[in-house]
Amino acid sequence: MSLEPSADPAADRRATYDYRSSDVDRPALVDDLMRLVTCEIRADTYSRQLYATDASAYELTPIAVAFPESTADVAGILEYCAEREIPVLPRGGGTSLAGQTVNRAVVLDFTRHMNEILEIDPTGRTATVQPGTILGTLNEALAPHDLKFAPDPAWGDKSAIGGAIGNNSTGAHSLTYGKTDAYIESVEAVLADGTVTEFGAVTRDEIDDRADPDGDLEARIYAEVARILDEDAELVDETYPDLKRNVSGYNLDRLVAEYRGETLPGGEETGEPKTVNLARLLAGSEGTLAIVTEATVSLESVPETKAVSLLCYADLHQAMAEVEPILEHDPAAVEVLDDVLLDLARETAEFGPVTEMLPEGTNAVLLVEFYADDAAHGREQVAGLLADRCPDAAAEGEPAADAPRTDDEHRAIDALEAYEKEARTTFWKLRKSGLPILLSRTTDEKHISFIEDTAIPPAQLPTFVERFEEILENHDTYATFYAHAGPGVLHVRPLINTKTEVGLDQLHGIADAVTDLVVELGGSVSGEHGDGRARTQWNRKLYGDELWETFQELKTAFDPDWILNPGQVVFREDDPTDLREHLRFDPDYEFDSGFDPELEWDNDNGMQGMVELCHGCGGCRGEQETTGGVMCPTYRASREEITATRGRANALRQAMSGEMDRGEAVSDEFVEEVMDLCIGCKGCAVDCPSEVDMAKLKAEVTHEYHQRNGASLRDRLFANVATLSKWGSRLAPLSNAATSVPGARKLLEATVGIDSNRSLPTFEPVTFREWFANRGGSRIAEREAKRKAVVYPDTYTNYSNPAAGKAAVRVLEAAGVHVTVPGELDDTGRPAFSKGFLEKARTTARENVAALSPLVADGWDVVVIEPSDAVMFQSDYLDLLSSDSAERLAGATYGVCEYLDAFRLDEAIEFDDRSTDRSLTYHGHCHQKATKKDHHAVGVLRRAGYTVDPLDSGCCGMAGSFGYEAEHGSMSDAIASILYEQVADSDGERVVAPGASCRTQLENRPTATEKPPTPIELVAAALS
């Protein structure tokens, strides 16, 4: 039996995977630690390589990976490592951009187990959480109380609060909320020697009582804090930049300001003098001072509503000159997008329509958002802004009498307004278009994050941008400028090829010159993403030698042997940090897949470009309830890094670039542990910011594995399911009864590996194709038809579910379409493609293209009922074949509801409202979602008279043959449980789904009373 969906899928006795490789690098260390702690410790190659990267440009293989379950586990690991001077690195979601979450250390992944929300106090407006708690999950739990954790980093729905503390994170609305440190009330922390302590607000007297430079570790920490307050306060005051968004170095400016009771830059009050909160000293320390195991944070109210204006400018320089006067209007956010990103956005299908709203001549935009008490207040705030900064724009509201007026010239050429949520989302969508576009490059040149978040006084932004552009030109490259203009934190990612010595020179030269510029203009080298490997070396230049020594002394006081994430924020003189070291791609990097790709790769660098594309942002690690989308089902079910797209992509790249043994990518273990658990949902092709196509990569690797090692009987059976279905239909009903014979399913599992708990497809004795021929063809004459369509008899529809085919024909004819069903075609090649038999799939594709191309040329459309088969024509044939005829067929192929919706054919149909009195819960097929075609069925069903709740759901977990394979049964169940919860929460009375696999899985849910119908069947049921 498979496990309960909540259990670890790998614990199923039939599972052939355990998320790791069989080797162990340091078995003695693992054995020692396992005797001391209760949590899991891994030191195998796969696990270590998975944690060698984060969202930065860096890669450094750790010593081991631990998954602590309690503070006691953390303390035990630290005590052991301190005695042996083994480095330790705390890690959350691995979404950091400066390299601070990779190190040659024992990595502690807190997101697996220590991720609980321990307490929410709505009255006191605080929450107590463990460090692995994802920010998006916390805010979801706070939503019923109209509260939130205020800092909003871009990847907040994938990053952990421990990481937010480590980086002192903030986000687009820092003008209102500031940084994470403002919200830390207290923490439980484990010190470098394993001591468990608490840090929070303390008076100077309490500090002095606890301080002892010759005492235990905690006493020495308090002694160093007292020394800094006594001896270095003036130096801190003179040296730290006067900025709201500085996270470089240690958080000494807040320490000193709190001690003095002074207001912080940006206006935050610090309270009574001679009281400091030492928990906030850990903010921005990047795990180098102590390891947080529990945190109590303060919360903010969710704004009543928001209002947005999009100010349009002729160029970036004009926009930058506007930032300071705009700040007089007290916005919550001011975001910028430059001409490079706007031009790139114009060329994309997703963002192109948004750019069409912009007036001609727009080459830069500023998005200005206000928090408002109500809609009228929002319109008033925007009207005040436009009256001051763009008086020619016709504002929807009237400005308040006391709205700010600045003397600065106005430069905006026009302005747009948004008040409703959908319109505001559209504007923000344009602003956020930048990162996905930048990260989609498959060339050797990448937009590298290493000086992308310098913080500059807003008044200096025009000078900064002009001088920065000169630096880039001097180094023969360019960059885009976008993000947080309001607080002066522009994201700037130069295009650099670090695989070359020239690229390394650019990396260092640009960083050096930009640091000089930042210091000159009174800024900071990091206003958001921290120091890490990219910026630590510049802290000495930013703060000077004296404060650099203070950093070293503070680090030593907390961590005498420098075992906590060494090399970040500050370093020892004998072990300096250099941003050119430990890069993921450097001049010594070599790629060798070990085989020639079988598929067409039309991106730069071909398959290699795709293998190297993942930048590590962790977008595939989001939870269904907070991030939605399809990606990544196996991670959501297991919470194992190796099952996320990021994990697979990194492991595949490392296996093909010498980090693992040559040939590892097609070894039994790699295929089983890494590639086999990819269910081919294609979600990463749309939900991943870089659009890593792991399903296609899996097909390549699986094909090569078959070439070298042969294929199993089960794989061959599934690849030839069309032939099996044909015989099943001919022998029905005998074939259907065969699997009901006692012991038959257990025999199938024992001999072939087909899960004995699964209901196998049944077959109809009269196929869809035969039914159509028997009825005499189409009831709509070709000469009278609006359009003519080939309804393709895909394998499942033809042999197992002719009812869907019959319904499609009825609906199409009701819409005035002349229909034909070809008699000589059968399989689309989808099963063979999914199982890695690419040559067989290509042969089938050629046959189908040859048969259908003449019809397409004669004006016929191709309509497919089963979603995965439709996408096979529309997308996968282009990977198998490089031909104009395949392109034309792809362009002429539609899913059946897509066809009705695209040409609005259903608008000509008369529906019977009495047949559609039930509300529906709609679960779309992941292949349709990946190709952005999932919405069509919802529109058609609604026009047919149904009330439809479309789920923002992922894969059902069945995924073709995946859910039938015994070793994957428990993983399939675990994935399905997520969907079942969404269905249970929906108000729909009946579930509907277009895919055969989805419908089979949904039929298995505990409360199911039927196998869900397809959308086209319900549309047919609504016909008058």
Side-chain angles (χ1 to χ4, degrees), residues 10 15-31 40-54 58-65 94 102-107 444 498-499 581-598 605-614 616 640-678 692 694 696-712 836 967:
T16 54
Y17 52 88
D18 61 3
Y19 315 119
R20 69 194 83 182
S21 58
S22 56
D23 63 317
V24 179
D25 183 62
R26 297 179 67 168
L29 179 142
V30 173
D31 290 344
E40 187 177 13
I41 311 289
R42 299 181 188 171
D44 62 284
T45 296
Y46 292 175
S47 297
R48 292 168 61 237
Q49 291 301 139
L50 288 169
Y51 287 84
T53 57
D54 55 9
Y58 295 94
E59 180 169 336
L60 191 55
T61 305
I63 295 168
V65 183
V102 295
N103 215 327
R104 200 169 306 284
V106 175
V107 174
D444 287 339
T498 58
K499 293 179 181 178
E581 296 178 347
H582 305 300
L583 289 163
R584 192 181 308 184
F585 302 112
D586 61 23
D588 295 327
Y589 176 87
E590 295 181 2
F591 181 89
D592 180 10
S593 66
F595 58 88
D596 293 328
E598 186 71 21
N605 281 2
M607 190 182 87
Q608 176 182 348
M610 184 60 68
V611 172
E612 296 175 353
L613 182 57
C614 174
E640 288 279 354
E641 179 74 16
I642 201 170
T643 65
T645 302
R646 178 175 74 175
R648 290 192 188 97
N650 276 322
L652 187 59
R653 174 183 53 78
Q654 290 158 339
M656 292 181 170
S657 61
E659 296 296 327
M660 300 183 194
D661 294 337
R662 291 295 181 188
E664 181 69 21
V666 289
S667 69
D668 290 342
E669 187 168 51
F670 191 91
V671 168
E672 199 167 79
E673 293 289 349
V674 181
M675 304 308 295
D676 202 35
L677 290 178
C678 169
V692 174
M694 185 51 61
K696 187 175 177 181
L697 289 170
K698 178 187 178 180
E700 286 278 18
V701 172
T702 307
H703 172 81
E704 180 62 21
Y705 179 82
H706 289 332
Q707 296 296 105
R708 296 188 185 195
N709 304 295
S712 69
E967 70 273 22

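Here the shortest heavy-atom pairing between S21 and D44 reads N-OD2, 2.9 Å. When every heavy atom of N605 is checked against every heavy atom of D444, the shortest pair comes out as ND2-OD1, 2.9 Å. In plain terms, the two heavy atoms of L50 and E641 that are nearest each other are CB-CG, 4.0 Å. For the residue pair V30 and A43, the shortest heavy atom distance occurs at CG2-CB, 3.5 Å. Closest heavy-atom contact between C614 and A649: CB-CB, 3.6 Å. Residues D592 and R662 come closest through the heavy atom pair CB-NH1, 3.5 Å.
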Criterion side-chain contact (heavy atoms from CB on, under 4.5 Å) on M656 and M607, from CA distance to verdict: CA-CA 11 Å; M656 292 181 170; M607 190 182 87; 4.1 Å; yes

Steps toward side-chain contact (heavy atoms from CB on, under 4.5 Å) verdict (L697, V611): CA-CA 8 Å; L697 289 170; V611 172; 3.7 Å; yes

Working for side-chain contact (heavy atoms from CB on, under 4.5 Å), residues N650 and R584: CA-CA 10 Å; N650 276 322; R584 192 181 308 184; 4.1 Å; yes

F670 vs Y46, ring pair (Phe, Tyr, Trp, His ring centres under 6.0 Å): CA-CA, chis, key distance, verdict: CA-CA 9 Å; F670 191 91; Y46 292 175; 5.8 Å; yes

CA sep, side-chain torsions, deciding dist, call: L583, Y58, side-chain contact (heavy atoms from CB on, under 4.5 Å): CA-CA 4 Å; L583 289 163; Y58 295 94; 3.6 Å; yes

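Going from atom CE of M675 over to atom OG of S667 covers 11.5 Å, rounded to the nearest 0.5 Å. Distance OG1/T16 to CD/E672: 4.0 Å, rounded to 0.5 Å. With values rounded to the nearest 0.5 angstrom, Y51 atom OH is found 10.0 Å from I642 atom CD1. The CD atom of E704 sits 5.5 Å away from atom CZ of F595, with the distance rounded to the nearest 0.5 Å. The CD atom of E967 sits 9.0 Å away from the CG atom of L677 when rounded to the nearest 0.5 Å. To the nearest 0.5 angstrom, L652 atom CG is 10.5 Å from E700 atom CD.
The side-chain heavy atoms of E659 and T45, taken from C-beta on, include no pair separated by under 4.5 Å. With contacts defined as side-chain heavy-atom distances shorter than 4.5 Å, the pair D54/E59 does not qualify. Using a 4.5 Å heavy-atom cutoff, the side chains of V671 and T702 are not in contact. Side-chain contact check for D586 versus T498: every heavy-atom pair is 4.5 Å or farther apart. Two residues are said to be in side-chain contact when any heavy atoms from C-beta on lie closer than 4.5 Å; Q49 and M660 meet this criterion. You'll find the side chain of Q707 stays beyond 4.5 Å of the side chain of E598, heavy atoms only. Using a 4.5 Å cut-off on side-chain heavy atoms (C-beta onward), R646 and T53 make no contact.
A donor-acceptor contact shorter than 3.5 Å is absent between the side chain of E590 and the backbone of S657. No donor-acceptor pair closer than 3.5 Å links the side chain of R42 to the backbone N or O of A64. D661 places no side-chain N or O within donor-acceptor distance of the main-chain N or O of E664, the cut-off being under 3.5 Å.
Geometrically, R653 does not engage Y589 in a cation-pi contact, judged by NZ or CZ lying under 6.0 Å from the ring centre and within 45° of the ring axis.
Salt-bridge check for E40 with R20: passed, with a basic side-chain N closer than 4.0 Å to an acidic carboxylate O.
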